[in-house]
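Convention: sequence-line order gives letters A, B, ...; per-chain numbering from 1.
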Amino acid sequence: MTTTRELPPRYDAAAVEPAIYERWMAADAFRPAETPPAGAEPFVIIQPPPNVTGALHLGHAARTTVEDTLIRYHRMRGDDTLWLPGVDHASIAAQFVLDRILAEEGESRASLGRERYLERMWQFMAETRGVIGTQHRRLGASADWSRERFTMDEGSARAVRVAFKRLWDAGLVYRGEALVNWCPRCLTTISDLENVHRDEAGTLWMIRYHLERPDGLPDPDAWVTVATTRPETLLGDTAVAVHPEDERYAALVGRHAVLPFLGRRLPIVADEHVERGFGTGAVKITPAHDADDYELAKRHGLPAITVLDEHARVNEAGDDFAGMDRYAARKEILARLDALGDLVGEQAHQMVVGHCDRCGTVIEPRLSVQWFVRVKPLAERALASVREGRTRIVPSHFEKVYAHWMENIHDWAVGRQLWWGHRIPAWYCPDDHITISDAADGPDACAECGRPASELRQETDIFDTWFSSGLWPFSTLGWPDQTPDLQRFYPTSVMETAYDILFFWVARMMMLGLFCTDTEPFHTVYLSGMIRDPYGQKMSKTKGNVVDPLETVDEIGADALRFALVNGTTPGADQRLTAAKLDGGRNFTNKLWNAARFVLANRPPRSEPSDGISTSPSLPVRWIRSRLADATERATRQLDALDLGGYAATVYEVAWSDYCDWFLEAVKVDLRREDATDAERAATWSSAAESLAVLLRLLHPLMPFVTEEIWQALREASPAAAGDEPLLIAAPWPVPPARDREAEAAFDGLATLVRGVRNLRMEAGVPAGTWLPLTIAPADAGASDVLHGGTRYVEALARVRPIKLDPEAAPPPLVATGPLGAAWLEVQPPSGDVADRRRVRAAELDANIERVRQLLGNASFVERAPAAVVDRERERLRALEAERTQLGDV
RNA sequence: GGGCGAUUGGCUCAGCUGGUUAGAGCGCACGGUUCACAUCCGUGAGGUCACUGGUUCGAAUCCAGUAUCGCCCACCA
């Protein structure tokens, strides 16, 4: 006989959870089997690799909870599961962080130079790389850490080279001059997605451009007035544009204006794009510093003159203003124009200004030569995959958002003028031929003229971080090689992330995945919402409203946090995380712990079926088994449908209300009744242990630690209940037995009675501890049988004794009613003090009966409603009438 | 300027392939030191599901419109 391990009174999550995690690691529980189990379906989850420099925040915690819950569920289902973890090198973010560190050390990117900077970066990586993984492990992430990857490792590097070369060979990559988003602080190009638009209050200035006289000099008495929000770009103007049908300016088209300060001749052109009603109706055209103007200039064959350098300072083309910062130049130019009398007006103007996503600096459109991926053909395929259902987005309304973006996509500027990242595998020969190579050590010779490698120089730009993360689902499995992992686990199953990186990452994975592997990289995209503070605000360090998940985990445990992050949520919807929600998670963990403590502490001396015990299960046992069967069915359906919120609610309900509030209370009755035999007690206990084991398995995916800890103790106390699996993480997901409707109805009937009687006690003002006699008039013979068998539960749970069953007894006014019959206490409050319960109930029943009768009397209802609905109504009517009959005349 | 989402008891949210008397947690009121748990137990109050129309035997759920809030996308200086 085994001795029961006592569970300590308090669940010490901070101590238990890491120990449990160690145990899983030691058992290699997260790693897929060497070979896939026969008949097992693969289930592969894709997680956004967190930034290497990032610290764990609640968003990560929410991601991890969802992913881990799904992977654990599928692991228990016996699927061939893989969750491959990793980190992203996050080039711009990492440089941002390192630059700050260097600044404190009195160094900078410039002072170190590329080579030493990168050495320093790798050193920094060595220090920080493991941090985020460790933090994820504290949350219980059951990822296969033996396969952990980094987007800067050689596997990724090779995938990047190969993917880029294939894109090039397919004609989907080009290098060309274009106006790109330039951050004058980060000193790099950024993509449209990283250029975040914000509304700002600006000013619209009206400036006179004097017309050119026949002698070539500006006419002091004739001018065209242009409106601009950016006077400093005037230095780069190459034209003035008006609308072709604008009568005010019709005579000017074809003539020239003279640019202030620089004296440049500006043709006055007509273009439909000019809005007549805006400003003065005349626009200065600065092709090198404005996207609209750039397009217009192309249409009219106008030159583009760059007047700002990489720091957004005026360059030598700006003459007097050279060297000034763009805003200083603006001020100076306005002042001088004013002095000349050519600044003729200004008005407040709401406008949209692009900012660098990383550092907030105002983006400067900049003309430069860049690498682009031609995304239209890629986007079309990626769009078709979702339209045609090969990849599904949950929640589905994001499919429209995705489609809209894919339809309006612009070419992707993939080059970055940064150092930390994958260098673009392009080489130039002295004749400017381009050679793209996917070889680790570059090309042997120029692809066009055959010059040797020694004469080629490699592109210095690196790739946008999202280019390598876009290859994540397959680059981590060994692509471009057809590795066993790739064949076994690709395409993957569920890609989980928050909706804020739908375009950045999900869209790129879809496009690159389809291009590189000819298949969708995953069949489901699960988009979570964002975690917000209790007031619905985004959490941010500057606002000081950030909840640190690690602190929370130390306080209340990872399980409690996980539960709080999933309970009551729905895919794609933001959620506010409140202290009350976290308390709820903590309380639930505590509840489970104590329920287990109760079960384990009450093991009778003889408790194993091997002791030769054989008794038919009691009503509460049949009931809880059926309730658990129902919960298992629902939880299974909900997890399969990715309804994590529903799943959490299901397990919470069955654990707390069914198992603890009713079943364990009934178990107490049976364990403690004096006339029970050892065999009966043993049977009662082992069924409590057995149903606890089912409950633990249902809860494990969401609350792995506390359930595993209890499982360990339960296995010692009752090997029969827990089964053969030494670790819950590897235990099979429950298979629900058939529902026992009869037991459910019978026990629910008893519960209704108990509730009714408790209610009576409150109304009669009976002190809580007092035992009172109870009379029950059973509804019928069946009810009578149930009541006979259930008397002891009603007694204990309603605190009534003795119970007299008397079908003939006439109910008094204050009475509890239910499907099993009517029950009442002998204590009746003075008449008039309370409503006549019988009368009230009878009236209620009459009203309901009337309603249902009418419904059933409605011919179109009976004809058109589904048979099941009609039958249900008929059944309800029958039950209502039975109860009404039983109440008698009132 | 487009598009998407939300609006359900005091608060935070489920429910929305149309079908019992719309649920939960927190909060609130009342009662509880019964040997699992006061991080608890019991009982209760509290909602014309934003508004207006429509479809239907039947609408919180579907359709149209309105209002308020939020988010995303967007090259009018």
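For the P atoms, the distance from B:G47 to B:G9 is 10 Å, rounded to whole Å. Going from the C1' atom of B:C13 to that of B:U7 covers 13 Å, rounded to whole Å. Atom P of B:G2 sits at a distance of 14 Å from the matching atom of B:G65, rounded to the whole Å. Taking atom P in both B:G53 and B:G31, the straight-line distance is 46 Å, to the nearest Å. Between B:C62 and B:U17, the distance separating the two P atoms is 7 Å to the nearest Å. Across the P atoms, B:U61 and B:U20 are found 14 Å apart, a figure rounded to whole Å. Remark: the separation of the P atoms in B:C4 and B:G10 is 32 Å, to the nearest Å. B:A22 and B:A64 have their P atoms separated by 27 Å, given to the nearest Å.
Not counting sequence neighbours, the partners of A:R532 by the salt bridge (Lys or Arg N to Asp or Glu O under 4.0 Å) test are A:D574. Legend: residues meeting salt bridge (Lys or Arg N to Asp or Glu O under 4.0 Å) with A:E795, ordered by chain and number and at least two apart, are absent. Listed by chain and number, the residues in a salt bridge (Lys or Arg N to Asp or Glu O under 4.0 Å) with A:K581 amount to none (sequence neighbours excluded).
Stacking of A:K668 on the aromatic ring of A:F598 is recorded, both the 6.0 Å distance cut-off and the 45° axial limit being met.
Look at A:E744 and A:R741 and you find no salt bridge, because none of the NZ, NE, NH1 or NH2 atoms lies under 4.0 Å from a carboxylate O. Contact check on A:R878 versus A:E875 returns a salt bridge, with a Lys/Arg side-chain nitrogen under 4.0 Å from an Asp/Glu carboxylate oxygen. Between A:R276 and A:D246 there is no salt bridge, since no side-chain N of the basic residue sits under 4.0 Å from a carboxylate O of the acidic one. Comment: A:D670 engages A:R792 in a salt bridge, judged by a side-chain N to carboxylate O separation of less than 4.0 angstrom. Under a 4.0 Å N-O distance rule, the pair A:D583/A:R586 qualifies as a salt bridge.
Here the side chain of A:P866 is nearest to one of B:C73, B:G19, B:C75, namely B:G19. Among the nucleotides B:G19, B:C71, B:A36, the one closest to the side chain of A:N602 is B:A36. Out of B:A36, B:A77, B:G31, the shortest distance to the side chain of A:A768 is found at B:G31. Side-chain proximity of A:H197 to the nucleotides B:G19, B:A74, B:A36 is greatest for B:A74. Here the nucleotide nearest the side chain of A:M351, chosen from B:A77, B:A36, B:A38, is B:A77. Comparing atom distances between the A:V352 side chain and each of B:U39, B:C72, B:A74 picks out B:A74 as nearest. Of the candidates B:U39, B:U34, B:G19, the closest approach to any side-chain atom of A:N590 belongs to B:U39.
Pair check for B:C62 finds B:G54; Watson-Crick or G-U wobble, both atom distances under 3.5 Å. When both distances must be under 3.5 Å, the Watson-Crick or G-U wobble mate of B:C71 is B:G3. The partner of B:G47 is absent, by the rule that a Watson-Crick or G-U pair needs both atom distances under 3.5 Å.
As judged by a 4.0 angstrom heavy-atom cut-off over every strand, A:V274 is placed among the base-contacting residues. A:P365 comes within 4.0 angstrom of nothing in the nucleic acid, heavy atoms only. A:Y652 comes within contact range of the sugar-phosphate backbone alone, with a heavy-atom separation under 4.0 Å but no base atom that close. Nucleic acid contact class of A:W205 (heavy atoms, under 4.0 Å, all strands): none. A:E665 comes within contact range of at least one nucleobase, with a heavy-atom separation under 4.0 Å.
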Could you please spell out the steps behind the side chain to side chain donor-acceptor pair (under 3.5 Å) verdict for A:S860 and A:E863? CA-CA 5 Å; A:S860 28; A:E863 279 167 31; over 6 Å; no
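Look at A:N408 and you won't find any side-chain N or O under 4.0 angstrom from OP1 or OP2 of B:C73. Between A:R672 and B:A36 there is a side-chain N or O to OP1 or OP2 distance below 4.0 Å. In this model, the phosphate group of B:A77 is approached by a side-chain N or O of A:H349 to a distance below 4.0 Å at OP1 or OP2. Distances shorter than 4.0 Å separate some side-chain N or O of A:W656 from OP1 or OP2 on B:C41.
When rounded to the nearest whole Å, the span between CD of A:E275 and P of B:C75 equals 16 Å. Here the C1' atom of nucleotide B:C72 and the CG atom of A:L527 are 13 Å apart, to the nearest Å. Separating the NE2 atom of A:H243 from the P atom of B:C76 is a distance of 16 Å, rounded to the nearest angstrom. Rounded to a whole Å, the CG atom of A:D292 is 14 Å from the P atom of B:A74. Whole-Å rounding puts the A:L193 CG to B:C72 C1' distance at 11 Å. Rounded to a whole Å, the NZ atom of A:K538 is 14 Å from the P atom of B:G70. Here the P atom of nucleotide B:C71 and the CZ atom of A:F503 are 16 Å apart, to the nearest Å. Following rounding to the nearest Å, A:Q537 (CD) and B:C69 (P) show an atom-to-atom distance of 15 Å.
Residues A:V240 and A:V283 fail the side-chain proximity criterion, which asks for heavy atoms closer than 4.5 Å. A heavy-atom distance below 4.5 Å is found between the side chains of A:L193 and A:W405.
Aromatic rings of A:F278 and A:H349 (six-membered ring for Trp) have centroids within the 6.0 Å cut-off, being under it.
Taking the six-membered ring for Trp and thresholds of 30 and 60 degrees, A:Y499 and A:F398 have nearly parallel ring planes, at less than 30 degrees apart. Ring-plane geometry between A:F588 and A:W656 is classed as parallel, the angle between the planes falling under 30 degrees on a 0 to 90 degree scale with a further cut at 60.
Of the residues in residues 226-239 of chain A, A:A227, A:T228, A:T229 come within less than 4.0 Å of RNA chain B through at least one heavy atom, sorted by number.
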Where along nucleotides 43-50 of chain B does protein come under 4.0 Å, by heavy atom, of base (B) or sugar-phosphate alone (S), with - for untouched nucleotides? SS------
Just the atom pairs and distances: protein N or O near nucleotides 4-14 of chain B's N or O, under 3.5 Å.
{"unit_1": "B:C13", "atom_1": "OP1", "unit_2": "A:R576", "atom_2": "NE", "d": "3.2"}
{"unit_1": "B:C13", "atom_1": "O2'", "unit_2": "A:G568", "atom_2": "O", "d": "2.6"}

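The base of B:U39 is paired with the side chain of A:R10 by a donor and an acceptor separated by under 3.5 Å.
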